Amino acid sequence: MNTGQQEHKLDAGFWRATIVMGVISALGMWGVVVFPIERYLPEAAGIAVQIDWLFKFMAFFSVPILVYVNGYMIYFAVRYRNRKGQPLDQPGSSIHDHKALEFWWTAIPSVLMLVLGILSYVLIPQYYTARAASADSVTIEAIGHQFSWEFRYPGLRDPVPDELHLPINVPVTIDSTSTDVIHSFWVPAFRMKQDMIPGMVVPMTFTPTEIGKYEIVCTEFCGVGHSGMRDRFVYVQSRSDFDAWYAAEKTKQAHAPTQLTAAVLASGDAGAGQQLFNARCTTCHNAAPFDQRKVGPGLANLFHDPAHPKLLSGKAPTPADVADILEHGLSGSMGQMPNAQLNGLSAKDIADLVAYLKTLK
Ligand code: CUA
């Protein structure tokens, strides 16, 4: 090893530090091997076991790199610090050009990265490709909205908002997309995450393997309501529970269209509407003048302000028009408003909201 004018051999202290770091690394690597990830985060799909294995592989080899890089940094900073009585401008030890050392610390991480890359390349694409539909698999469409999830099941007329039901041990393909901005669909218990991109359909294929209720989280900042896009759940159910849910949903949808009659609309309760507005609508709307936008326009003075812009129809808004937008949603120059089904609003809820909006002046 070439050093500066003074010879600074790596002394006994260096080797002691190296051994201590070796022991710490070995303990850390053993910890990675035995750590029960599934105790803290269930492995609820076949892919989860493999992703955890990949994660452990990476963490296992990261431990010695972390320990040695930082350990030597600390060791050398302490060992070769400026000592009392030494002039501040005294050159420190200059060690360079150790060809064997440089070869190995380049070669080993390169090989590790290469192996990790190959393993990921073999594993991950298996789960992000469409599988040919077959009698014993199911395809569900998942659509991201500001700020809810929409799931479409084969054979169900209407989409189901914010609830993904899956039968256990049945291969499933989820075709994901978005209607507005980029969301990211993440189910930690499945170890699957996929950006939902407007205009693109990306399939995710996996098999749920554990019955349970698992959170769905949006992990792409998608607007003011992004933080609310959690606390929605995947339900992995036994085949019979799933079939019962599916049948109940089908019956419910057959009876669903509750016509919003004039009588229902007139019976709205402004107090209940205010509570509902504060709980749901304030994600996107202020109870403030029109130009105080959040995602959508401010909704105060809706029926009272002559300066309030007319609706898309060109007419001044009437309670029936507003109820219509609440019921069917809106897609236009001002943006996208999900329909009542996606917002989880009943006819009574709509009537209450309209009654509340009427009181805003
Ligand atoms: Cu949707 Cu963040």
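Indexing begins at 1, ligand by ligand and atom by atom, following the structure's order. Just so you know, these numbers come straight off a predicted model, no measurement behind them.
Between atom 1 (Cu) of ligand 1 and Q146 there is no N/O/S contact shorter than 2.8 Å.
Here atom 2 (Cu) of ligand 1 is the vertex; the SG atom in C222 and the SG atom in C218 give an angle of 120° (to 10°). Put simply, the angle at atom 1 (Cu) of ligand 1 from ND1 in H183 to SD in M229 is close to 100°, to the nearest 10°.
The closest approach of H226 to atom 2 (Cu) of ligand 1, by N/O/S atoms, is made by ND1. Of all N/O/S atoms in E220, O sits nearest atom 2 (Cu) of ligand 1.
One distance of note links CZ of F185 with CD1 of I174; it measures 4.5 Å at 0.5 Å rounding.
The closest side-chain donor-acceptor pair between D349 and S346 falls under 3.5 angstrom. The closest side-chain donor-acceptor pair between Y72 and T18 falls under 3.5 angstrom. A donor-acceptor contact under 3.5 angstrom links the side chains of Y127 and Q50, judged on distance only.
In the hydrophobic cluster analysis, where Ile, Leu, Val, Met, Phe, Trp and Tyr join through side-chain heavy atoms closer than 4.5 angstrom, Y235 is grouped apart from L164.
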